[in-house]
Amino acid sequence: MPSWWRKSSSKEVKKKKGNRESFIDTIATIHRKLKSSSEEKCNGRSGGSRRRCIDTVSEMGSLSRVLSPVPSSQVSRCPSFAEKPHAQPLPLPRVQLSNIERTNSGISVVSKPESDRESNQLFYLPLPGPGCVSSREDHTYAEGDLATASISSDSSIDSDDPSDSRLLSPMGSDYENGNRTNINSPSCVIQKDPFPTVYQKNSKDTLKAGHLLCNNQVLSTSPKWKPSSTHMQNIQIPFHGTLSSAPDSSMSSPSRSPMRVFSVEQVRNSSFWAAKTYPDIASTHCSSPGSGQNSGHNSVGGDMSGQLFWQHIRCSPECSPIPSPRMTSPGPNSRIQSGAATPLHPRSGGPAAESPTSRPDDVKQKSHRLPLPPITITKTCPFSPSYSATTTPTVPRSSNRVEHPTSPGSQWKKGRLLGRGTFGHVYLGFNSESGEMCAMKEVTLFADDAKSKESAQQLGQEIALLSRLRHPNIVQYYGSETVDDKLYIYLEYVSGGSIYKLLQEYGQFGEVATRSYTQQILSGLAYLHTKNTVHRDIKGANILVDPNGRVKLADFGMAKHITGQSCPLSFNGSPYWMAPEVIKNSNGCNLAVDIWSLGCTEGKSFIRLCLQRNPLHRPTAAQLLEHPFVRNVAPLERTISSAEHSKGPAAMRSQAFGHGKNHLKLDSEGMGMHQSRGSKNCFRIKVSLLDAYSPKNVSCPISPIGSPLLHSRSPQHVTLIPIRSSTPLTSSSIPFQHLKQPTTYSLAGIGMTQRSQNCGFHTNGNMPYHEPKPDLSQGFPQGSYVFRDIFFPDKCVLGNQVGHSVPGDPRKLFDVQSVLADCVSQQLLRDHIKLNIHGL
Ligand SMILES: Nc1ncnc2c1ncn2[C@@H]1O[C@H](COP(=O)(O)OP(=O)(O)OP(=O)(O)O)[C@@H](O)[C@H]1O
């Protein structure tokens, strides 16, 4: 070999190694900071606070331990197992035990230096230690864990990849699917704060931590929920071959989706990416063996020519005219290449395997196999490279489950691919010991990527934020760990997939679902905002649904904790959901940006409330929870449960009405305005959409999930005609203050003939309404759609009276208000509505 070549190669190796270390340093620094923060809290406490501190540390997620800045200490703790009299071997088959060493450290996996990787190594599988026991006392919302951990029998891949079902032009697809901005596209925007402050670390510390991490190769987090067993050990399992524990895709790098808005630096480098040659890609087929899955976000198969070819023939919604140089996902042909061997990434160091429990010669089984007992798995693939990745100390614990698992050796095994995101793939994780499931977000950390560090920062930010959140409408964070060059984030498994996917597969939602989802999203947002955290990427693809209809906000990669009134100006998120102030860089980011995004994502009923250009005019999430569209919405799961015990279809319809408190009353009163079928005592209200009177100057961003109510097929027909507006429409926005204006909507019913004195009210018994007097020449009078009763349910309108008192049965009027509110909500969904009531 020529000397110049050797020199060059040496430099290259050093460079790559340096990049790798630098990248891992970033992760390490993030984890160290989290740990440091936790330790500071701990040190500031004493006595009885100690336990609480431990809990806090545990609850903060494994991140603080995984990426401890002092990994050496963690490592040193591993052998201490011998000193622990309570240390007991795991109930694993003998064939395993011979190769397993245990420690009592709560620290997870530690592997040998890279130089030893080709030999049979011992590395520690993460098992929680006694000191990591979490009381989980404040796990208020843990009840949802089991509900969401249902097993999906669908062997196919659940992908939310918008590219799956669309043949769109790059721009068009981007627009319709709302994917994040393509850094290479003309519409790309600039992120002003590419590096969150919290992750701007001291370089020395970073280097130190990173070095240790590199030496150890594998570090894992402490579990968010740690088993309370007193026999927590780590296991050392001989390692054969590569440590690529989840080498499903050799191209899984933490690169971003082309549709995501990123930093200035990224944008600047876009030309670099566009012009760059991609030896890694060219030399590597991007396939996801066994995935059988829809194409990934930014996936194109194989080398660059393959990418271009695919884009030409398919134009994935996330495809950019300029293919992303950092394609992280298997190509679209991965579906038909299911089971095909995955070529190695030049640095993957070993053969890829889709599943850690898979045999290399049984690819199909890799992606579709059922969870097998540990002994079976072990015999099949006792120490496969990917086996380590599926082991984690992280054990989700719900309040209604045993806190002391019989076996402390809970191990996550990577299962089928659930979806692909910007940073990597998400797999189903199964704990064959406990039977639990989780979602494993896997990110390959290739340090030769100039942007990997930033990717790590973003992931670290997501981890840091998620670890502090606990709410039934937010995907629960379980923990994270770094295994070799892969980062795993363990999350609550939400088996229903995203709203986006559900809409794609099943079409529009009914009103009950829409209202329920909206209400739950708002609940999650309200909680999030109380934490001064803004999600910044609310959209259908990031809202998951469990089998019981419970909604979970997910993907906090763009989330940010803000201090003060607003966070530093940044441009993150998905353009078509972005609030105007974000786009205009006028006010930076604030909590209100999520409200705007919500208006773009759910139904249309909130659109005029949410999509107000002035963020100060937007109602808060808490205020929107009082909107009749979501107020009193019964949880879907409760509705289903109640329906099972109902006496007949009428009761079920009543249940399905959505007003948990009122639907029975409505039914008995014959006021089931949303029931147009079968209820003799009901009247129907029909809605017609007149495009000719569509509102003017109304910002109406296209949602990738569409509007469930725009093309309603629901038999529920509601018609309202706005007759007047106390606030003449002068702009596209409706100041929130105007919501306090008197009600000026209309609802005509049978026999409603009594006209009010000053508002054009008509009454029919207890049924208030307004005479429809649409000023069509003015367009849609938006102001008339916002009325006090929506937000002030205690102030009822009866006849021409506005007050708190409710003559007769208060529930009746409340029902009426609910009905009216529903109608107005419907009214908000349409550009123009025509009254057409049919009495029965
Ligand atoms: N907790 C979960 N349960 C079930 N499926 C999940 C879960 N988290 C993610 N997924 C699936 O994986 C896909 C990608 O996940 P996610 O969006 O979090 O990744 P990402 O890298 O942050 O993507 P992006 O930032 O581009 O939206 C989701 O669309 C969903 O299909």
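Quick caveat, the model's predicted, so the values are computed rather than measured. Excluded from the calculations below are hydrogen atoms, water molecules and symmetry mates; all remaining heavy atoms, backbone and side chain alike, are included. Indexing begins at 1, ligand by ligand and atom by atom, following the structure's order.
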Taking the side chain from [X] and the backbone from [Y], do they hold a donor-acceptor pair closer than 3.5 Å?
X	Y	answer
Asn548	Arg550	no
Gln520	Val545	no
Lys552	Pro472	yes

*Can you check side-chain contact (heavy atoms from CB on, under 4.5 Å) on Leu491 and Tyr478, steps first, answer last?*
CA-CA 5 Å; Leu491 303 166; Tyr478 293 158; 5.7 Å; no
Check each atom of ligand 1 against the heavy atoms of [X] and keep those under 4.0 Å away; list them by number with element.
X	result
Leu544	1 (N), 2 (C), 3 (N), 6 (C), 7 (C), 8 (N)
Ala439	1 (N), 2 (C), 3 (N), 7 (C)
Asn542	17 (O), 27 (O)

Any nitrogen or oxygen of [X], side chain or backbone, less than 3.5 Å from one on ligand 1?
X	value
Tyr493	no
Val494	yes
Glu492	yes

*Selection from Arg420, His425, Glu462 by shortest heavy-atom distance to atom 14 (C) of ligand 1*: Arg420
*Which of the listed options, Lys539, Lys441, Lys501, Met558, holds the heavy atom that is closest to atom 19 (O) of ligand 1?*
Lys441
*Atom pair CG/CD1 of Leu459 and Ile489 - distance to nearest 0.5 Å*: 5.0 Å
_So, taking the atom named CG in Leu544 and the one named CD in Glu492, what distance separates them when rounded to the nearest 0.5 Å?_
9.0 Å
